[in-house]
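Everything below concerns the one structure shown next.
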Amino acid sequence: MSMQTELGSLLGWVEGMRSRVRKLAREWEDQEGNLIMILHAIQNEFGYVPRGVANELAKEMKIPMARIYEVITFYHYFRLTPPGQHSIQVCMGTACYLKGASDLHDELARRLRLLEMGGGRGGEFQLETVRCIGCCGMAPAVVVDGETHGRLGLDDVEKILKPKRGTP
Amino acid sequence: MSRKQLTVSDLEARWAETPPARKWARVGLDTGGIAAGARQVHKALLEAREDAGLSVDIEKAGPLGLAYADPVVVVGDESGPAVVFGAMDPESARELVEGYFQDGRLLEDRVIATRERGRDLDGPPQVSILVKDTGDGKPEDRTAFFQDLFREELTVHGLDGVVGVYRALDMGLYGKGVCVQLLPSRVTYANVTGPDVRRIIEKSLGEGQVLEDLLETAVEPQERIVLRNCGHIDPDDLDAYLQAGGYRGLRRALLDLSPEDVIEEMKTSGLRGRGGAGFPVWMKWRNTRRPEADRKFVICNGDEGDPGAFMDRSILEGDPHAVLEGLLIAAYAIGADKGFFYIRAEYPLAVERIRRAIGQARDAGLLGRDILGSGFSFDADVRLGAGAFVCGEETALIASIEGRRGSPEPRPPYPSEKGLWGRPTAINNVETLAAVSAILDRGGAWYAGIGTEQSRGTKVFAVTGKVRNPQLVEVPMGIPIRTVIEDICGGAGRGARIKGVQTGGPSGGVIPLARLDTPVTYESLQELGSIMGSGGMLVMDETDSMVDVAKFYLGFCVEESCGKCAPCRVGGFQMLKLLEKIHAGKGRPEDLATIREICHCMRTASLCGLGQTAPNPVLSTLQYFEREYLDLVDARGPAAARQARRGRESQSNWERM
C-alpha cells in the first residue's frame with residue numbers, strides 16, 4: 001500500500017469517527033444526564049474509549065477533556081486501551097471466590113504464560129477479573145468472549161482455551 | 001405490536017379474561033438460565049413440537065429462582081403449572097415433548113417436586129411416583145433401589161405401564177430419608193422404608209387412602225409477592241403482565257386515590273426500603289412530596305453491586321412491568337414527571353427488558369401525557385451504571401446519572417430536598433418498587449399482615465456459596481435464617497457442615513452457626529453485627545477461612561472506595577495490609593488491636609455508607625471467629641499459616657455440589 005492511500009484511509013477513518021461522535025452527541029444533546037450514556041455507546045462501538053475519540057467528544061459537547069477523563073477513569077467499566085482478541089473474564093463475586101475463582105484465575109494466567117513462552121499466542125487473550133456477573137448459582141463462572149461457562153474446575157481450563165487458540 | 005392506547009375499560013376487560021384451554025411449556029430465559037443453556041433448550045422444544053405436530057405453546061419466561069437447577073422448564077395448562085423440570089438440555093427437552101405431552105411420561109433425574117403438597121387423594125387417579133433419597137445419615141443413596149422396589153410392586157399389582165416411577169432431581173425435603181411424591185395429587189410421604197412400598201401402592205394407589213403416618217405436612221415457607229410473576233409470565237409481553245392483574249395497582253392509585261392517600265397506604269403497609277438501610281418508604285415519599293419545586297424525580301436503583309446478589313437482576317429480567325408500575329405509583333405519590341432506571345451495565349438483559357417494557361408502556365399510554373385519563377403525566381428512561389459499588393449510595397448515584405464521577409456528598413441536604421439536578425428526588429430499590437405495585441393492588445393492610453411488627457412483608461434473598469441448592473427465595477420477614485438455609489436450600493449438602501452465613505455483602509457481617517435461629521428482620525440482624533442489606537446470603541462451611549472472607553470483602557471495599565474521604569481511603573487500605581500480613585502468617589498480636597482501632601475510626605468518620613460499613617465483615621468475624629485470627633497470628637511464616645488455614649480453605653473448592 002502506498003503512503004498516499006494509507007494516509008487516505010487514515011483520514012477516512014478519522015472523518016468517519018468524527019461524524020459518528022457528532023451523531024451521538026446530537027442524539028443525546030437535549031437528554032438529561034448524557035455523558036455516561038455516550039461513553040457507553042462509544043465503548044460499544046470501539047471496544048474502548050480511544051483518546052482521539054474522547055477529544056472529539058469534548059469538542060462536540062463543549063466541555064473540557066478533563067471532565068471526560070475524570071469520568072472514564074472513575075468507573076471500572078470504561079477502558080482506555082483496546083481489548084484483546086479474546087476476552088476471558090473470571091467472575092470474582094463472593095460465591096465464585098468461595099468456590100475457588102482465585103485458583104481458577106491463577107491457572108488461566110499460568111496456561112496463558114506457557115502459551116506465550118512456547119511461541120504461541122497467549123497475548124491474544126485478555127484475562128481479567130470482573131465484578132459479580134450474577135450467575136452465583138453456577139459458581140465459579142468464567143465468561144469467554146461473551147459466553148458464560150459455569151461450575152468450572154481446574155481441569156476445565158484447557159477445555160475453555162482450546163477452541164479459541166489460533167483463531168482470530 | 002399494537003400502538004393502541006389502552007383505556008381503563010380495556011384494562012378491566014383484560015383482568016377479567018379467563019385463560020383459554022391450552023397446554024404450555026415455559027423456559028426460564030434469564031441470564032443464569034441462558035448461561036446454563038436455556039436458549040438451546042428453548043430451541044429444541046420448538047423443533048420437537050414441530051416434529052411431533054403438537055399444539056403446545058412453547059413460551060419464554062424470567063427466572064423461577066431455582067439457580068441450582070438451570071435451565072428450568074415448567075409445563076402446565078390453563079389451570080396453572082403442573083411439573084417443574086430442572087437441569088434440562090436439548091436432548092431431554094425433546095424427550096419432554098415426545099414423552100410428557102404425548103402420554104404424560106416424566107423425565108428421570110429432572111423433576112423438582114413442588115412444596116405445595118397435597119393432603120388427599122380424592123381427585124383423579126395417580127399416574128406418577130417421584131422417588132428421592134433425601135439422606136438420613138446413611139452413606140449410600142437408595143433412590144435407585146427404591147425406584148426398583150416400586151416398579152416390582154407395581155408389576156405385582158398389574159400397574160406397570162399405568163403408573164410411572166421416576167427419580168426426582170429434588171424433593172424440597174432434606175434429611176428425611178427416602179421421600180415419595182404421588183402425582184397429580186402431590187401427596188408426599190417422607191421416611192419411607194421398604195415395607196411401606198407395598199402399603200403405598202395398595203392403600204394409596206389402590207384404595208385412595210392417605211397414609212397419615214408417612215404424610216409430609218410441612219408447608220412451603222416461601223411466600224411470593226415480589227417474585228409473583230417471575231418465571232410465570234413472558235417478561236417481554238405487556239399482555240401477559242396485564243392478564244396476571246398487572247397495572248391494577250396503578251389504576252387504583254391514579255383513579256381512586258389522591259397522592260396523599262397513596263402515601264397513607266404505604267404507611268399502612270409498613271414497607272421499608274429493600275436496598276439495605278430499611279428506611280420507611282412512606283416517609284421517604286412524604287419528604288419528597290413536601291418541598292415546593294418546579295420538577296421532581298423518581299429513581300429506581302438497579303445498581304445491584306453486592307457481589308453474590310442477583311435479586312434485582314432476576315426481578316428486572318423476570319417481571320420488568322411490575323417494577324415500572326411501582327415507579328409510576330411512586331412518581332404519582334410524590335408528584336414527579338420523570339423517572340430513571342439506574343441499572344448496572346453488566347446486566348445487559350435486564351436493561352434490554354426494562355427498555356422494552358418502557359416502550360410498550362409508552363405505546364399503550366401507560367407512560368406519557370394524561371395517563372389513563374387521570375391528568376397525571378410521567379415518562380421514564382434508563383441510565384446505565386458503569387461499575388462503581390459506591391453508586392449504590394444515593395448521592396453518588398445521583399452524581400452518576402448527572403454524568404459525573406460517583407462521589408458521595410455529605411447529607412443533609414437529603415435527596416428528598418435536593419437530589420437530581422437539585423430537585424427533590426425519591427430513590428427506591430428494584431425490589432421495593434415491585435412490592436409497591438402489589439401493595440397498591442391488594443392493599444396496605446394485607447401486606448402489613450405478613451412479617452413482624454417492625455419488619456413487614458416479605459424479603460427476597462439470593463442464597464449462594466456452600467449450600468446444596470443455591471437459589472432465590474422470598475420469605476416472610478421474621479422467619480429464622482435456618483429455615484431459609486436448611487429447609488428451603490437444603491443446608492450444606494452431604495458430608496459438610498455450615499460454619500456461618502454472611503448477610504448484607506461487603507457492608508454486612510457473618511452470622512455464626514450458633515445464631516442461625518435468629519429471625520430475619522432489620523433489627524435482629526443488626527444486633528448480631530450484620531445487616532439485612534440488599535439480600536445476599538452467603539453460606540460458608542467448615543473449609544472456609546473467616547480471615548480470608550474478611551480479607552475478600554475488605555479488598556472489595558478498598559477497590560471501590562471513591563477516595564474522597566481519608567478514613568475510608570487510607571483506613572481501608574491500611575487495614576487490608578494488616579489482614580494480608582496476618583493471612584500470610586506474618587501478623588503480630590498487636591495487629592488485632594490496630595485493626596479494631598481502624599474499624600472504629602472508619603465507622604464513625606467516613607463520609608458515606610461504604611466507608612462506615614466496610615469494617616463490618618472484619619468486626620463480625622473478629623467477634624465470632626477470633627480464634628482463627630489468633631491461630632494465624634501464632635503461626636510463624638507462610639508455611640505455618642497455610643497449616644493454620646488447612647481445612648479451612650480451598651481444598652473442597654473443586655468438588656461440585
Side-chain angles (χ1 to χ4, degrees), chain A residues 28 31-41 43-44 61 63 67-79 89 91-104 129-143 146-156, chain B residues 31-32 34-36 66-70 304-310 313-314 338 340 344-347 381 383-389 391 400-407 420-421 462 464-466 469-472 502 505-506 536 538 540 544 549 552-553 556 559-560 562 650 653-654 656:
Chain A
W28 284 90
Q31 296 211 45
E32 298 148 315
N34 51 17
L35 179 58
I36 291 179
M37 297 305 283
I38 294 177
L39 289 174
H40 272 295
Q43 177 150 314
N44 270 347
M61 294 182 74
I63 53 174
R67 263 285 280 126
I68 294 178
Y69 262 68
E70 70 164 14
V71 168
I72 301 175
T73 53
F74 181 85
Y75 295 98
H76 297 290
Y77 198 79
F78 298 125
R79 302 165 181 281
Q89 301 175 314
C91 178
M92 275 291 168
T94 323
C96 290
Y97 180 79
L98 216 54
K99 291 199 177 172
S102 299
D103 294 344
L104 201 57
T129 58
V130 291
R131 293 154 28 109
C132 188
I133 54 168
C135 296
C136 310
M138 298 174 63
V142 173
V143 185
E147 197 183 326
T148 310
H149 303 260
R151 301 184 185 114
L152 296 173
L154 291 183
D155 303 339
D156 299 317
Chain B
T31 301
I34 290 168
L66 306 171
Y68 66 95
D70 276 331
E304 187 169 54
D306 170 359
F310 52 98
R313 193 209 75 204
S314 304
K338 176 86 193 203
F340 292 99
R344 290 181 66 185
E346 291 93 334
Y347 287 173
D381 247 321
R383 289 293 176 269
L384 299 181
F389 180 60
C391 286
S400 183
I401 293 185
E402 290 176 357
R404 295 185 284 120
R405 291 166 71 96
S407 299
L420 201 57
W421 292 291
T464 64
K466 302 292 181 62
N469 294 337
Q471 60 187 297
L472 212 59
Q502 211 277 355
L538 185 86
M540 287 165 288
D544 295 311
V549 169
F552 169 80
Y553 280 116
F556 180 83
E559 185 149 313
E560 294 296 331
C562 80
S650 273
N653 286 352
W654 306 110
R656 285 161 213 200

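Given the structure is predicted, the values throughout are model-derived calculations rather than measurements. Naming: A, B, ... by sequence-line order, numbering from 1 per chain.
- Between A/Met37 and B/Leu384, the closest heavy-atom pair is SD-N, 3.3 Å.
- For A/Ser102, no part lies under 4.5 angstrom from a heavy atom of chain B.
- For B/Arg404, the parts lying under 4.5 angstrom from a heavy atom of chain A are both the backbone and the side chain.
- Across all their heavy atoms, B/Ala386 and A/Phe78 have their closest contact at CB-CE1, 3.7 Å.
- Looking at B/Cys391, only its side chain comes within 4.5 Å of chain A, counting heavy atoms on both sides.
- Taken to the nearest 0.5 Å, the CZ atom of B/Phe389 stands 11.0 Å off from the NE2 atom of A/His76.
- Counting heavy-atom pairs under 4.5 Å between each of B/Gly536, B/Ser407, B/Ala388 and chain A puts B/Ala388 at the top.
- Only the side chain of B/Phe556 comes within contact range of chain A, judged by heavy atoms closer than 4.5 Å.
- Inter-residue side-chain proximity for A/Phe74 and B/Cys562 is flagged as met; some heavy-atom pair is nearer than 4.5 Å.
- In this structure, the side chain of A/Tyr75 engages the main chain of B/Gly406 through a donor-acceptor pair within 3.5 Å.
- At a 4.5 Å heavy-atom cutoff, the contact between B/Glu559 and chain A is made by backbone and side-chain atoms alike.
- Ranked by heavy-atom pairs shorter than 4.5 Å toward chain A, the options B/Lys338, B/Glu402, B/Gln471, B/Arg313 are led by B/Arg313.
- With a 4.5 angstrom heavy-atom cutoff, B/Asp381 touches chain A only via side-chain atoms.
- In this structure, no portion of B/Ala462 lies under 4.5 Å from any heavy atom of chain A.
- If you tally non-hydrogen atom pairs under 4.5 Å between each of B/Trp421, B/Phe340, B/Tyr347, B/Phe552 and chain A, the highest count goes to B/Phe552.
- Shown here for A/Cys136 and B/Thr464, the closest heavy-atom pair between the two residues is CB-CG2, 3.1 Å.
- If you take OG1 on B/Thr31 and CE on A/Met138, they are separated by 11.0 Å, rounding to the nearest 0.5 Å.
- With respect to chain B, the highest number of heavy-atom pairs below 4.5 Å among A/Met92, A/Glu70, A/Arg67 belongs to A/Glu70.
- With a 4.5 Å cut-off on side-chain heavy atoms, B/Arg383 and A/Ile36 do not count as touching.
- One distance of note links CD1 of B/Ile34 with CD of A/Glu147; it measures 12.0 Å at 0.5 Å rounding.
- Between chain B and the residues A/Val130, A/Leu35, A/Thr94, A/Thr148, the most heavy-atom pairs under 4.5 angstrom are made by A/Thr94.
- The line from CD of B/Gln502 to CG of A/Leu98 is 10.0 Å long, rounded to the nearest 0.5 Å.
- If you measure heavy-atom distances from B/Ser314 to chain A, you find no contacts under 4.5 Å at all.
- In terms of heavy-atom pairs under 4.5 angstrom with chain A, the leader among B/Gly403, B/Ala36, B/Ala67 is B/Gly403.
- Residues A/Arg131 and B/Gly305 come closest through the heavy atom pair NH2-CA, 4.4 Å.
- Closest heavy-atom contact between B/Gly385 and A/His40: O-NE2, 3.0 Å.
- Between B/Val549 and A/Tyr97, every side-chain heavy-atom pair lies at or beyond the 4.5 Å cut-off.
- Nearest approach of A/Cys135 to B/Gly32, heavy atoms of both residues: SG-CA, 4.2 Å.
- Each of A/Cys91, A/Cys132, A/Cys96 has some count of heavy-atom pairs under 4.5 Å with chain B, and the biggest count is that of A/Cys132.
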